[in-house]
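Data first, discussion second: the structure below is written as structure tokens.
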Amino acid sequence: MKYSTEMMQKIAQQLSEMIKIAILEQIETEQVGPTIAQIEQGMRESLRQIGQESLGMVLSGLQKTPEREIECKCGGRLRYQRKREATVISVFGKVSYERAYYAGCKCKKGKAPLDEQYGLVPGAVTAGLAALLAQAGVAFSYDESPRWLETFLLFDVAENTVRAETEQMGALQAQAEKELIEKSHQESYLQERQRQPGAIPVQLYGSMDAAKVRTEPRPKKGEAKEAHEDWRDMKVLCWYEVENVPPARRSARQRNKVQREQPALRAKNMRYFSDISEAEEFGKLLWATGCALNADLSPELIFLGDGAIWIWNLVGKYYPQAVQIVDWFHAEEHLEAVAAAAFTDLTQRAAWLEPVTQALWDGQVEDVIQACHALAETCQKASQAATYFSNNLERMRYDRFRAAGYMIGSGTIESACKQIVTHRLCLPGAQWEVEGAIHTAKARASWLTGTWASLCRARSALPLAI
Ligand SMILES: [Zn+2]
């Protein structure tokens, strides 16, 4: 929208006159003038009130001359009654406006076409305010959000409204994912994509992990109504690309990595998805979001993860061509645990650990397994580690992965879990309804991915879209 500069200046002129008078009055009565912060705050409050008044006038002014009769959704006829007042909560606070109201159909439903046209629901928040509330809701806890919002909006919003609008954004994301999943199973879509795939990433990484969320107590199977505290796995998926870090920008940790013969790589263009669902269900999301990115058509698709079996099962099922890599740090940790369990003497411990870690780094996993087997009789940890390394043998050819220039650490997905789950859903005292946790996480994942604007557009189309 474009506004006339001239008119804006006129309004500014008038506002400045009003503020000047208020300042002078205060000086006269209190002998001291307001501080700059007080002037700013006062002006913000005035501008809010002007917005409030003005938006009401704009909405009322958008009402065209009412027609005598219009068609009802049911196919019947609605007759014009009168102009009726309605109130919505906008970015300026409560706004009242008048619009034409129709009634008298046999279905008994009335209608205000202006409300439908602009997605206004009397008594509810506008799409503009909803986007701001949800933006606070993905960043802060629901009981903290109103305090933040009041600072910026200059009026009070209820905690439950913030929650409802944030979860609504998550529900819209869930809806978009559902549509993507349906599409990704249609033969016609997949064939069309083969013919005209669009941009195919030269190299793409995928990574999955899970983090615990505390959910509301539910009765356990077999036990009557007694409730138990419950923890559920929030699964997180991240698609990303990697780039080389220029030497000057390398952190101490990255420099350390380079010294260990690995180029310093960092993730970029991260796209996050999350859900509380069984692995099979989550696999559909993995496939659908991968389709949207042409992951399956990429000549170099790499998956990084810890040893969790569900991850590798899904990768094997949907992307059998992908390179599978077990996170280097998880693998190394297993060796450290074996050394700590098998040797109390620190010198002996180091003497065992050093060559075996080097062997792992060089991709000689068979040697690593043998070294664990040698300790297995007296050390259970060593026996377990031998199984772990055997199960993941081909996923630990770190010599080859390094030679190919691949990232071998799963820091990206671990950071994703922290950002989406730990930092927002695991705040002190937090206990979630499962659906609330899912939708809040999906909204946050969209915010972090940078697809927030599309959710706001979808929210603007409500309630027509539902
Ligand atoms: Zn009707």
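Numbering starts at 1 and runs along the sequence shown. Atoms within each ligand, like the ligands themselves, are counted from 1 in listed order.
- Under a cutoff of 6.0 Å and an axis angle of 45°, Arg84 and Tyr101 form a cation-pi pair.
- Expressed to the nearest 0.5 Å, how far CG of Leu180 lies from CD of Gln173 amounts to 9.5 Å.
- Under the rule for a side-chain hydrogen bond (donor to acceptor under 3.5 Å, both in side chains), Trp447 has no partner lying at least two apart in sequence or in another chain.
- Around the Zn ion (ligand 1), the protein N, O or S atoms found under 2.8 Å comprise Cys72 SG, Cys74 SG, Cys105 SG, Cys107 SG.
- Asn294 meets the side-chain hydrogen bond (donor to acceptor under 3.5 Å, both in side chains) test with Arg193; sequence neighbours excluded.
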Anything under 3.5 Å between a donor and an acceptor, one on a side chain of residues 303-314, the other on a protein residue two or more places apart or in another chain? List them.
from   : atom 1 : to     : atom 2 : distance (Å)
Asp306 : OD1    : Ala308 : N      : 2.9
Trp312 : NE1    : Asp306 : O      : 2.9

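- In this structure, Gln321 contributes its side chain and Asp296 its backbone to a donor-acceptor pair below 3.5 Å.
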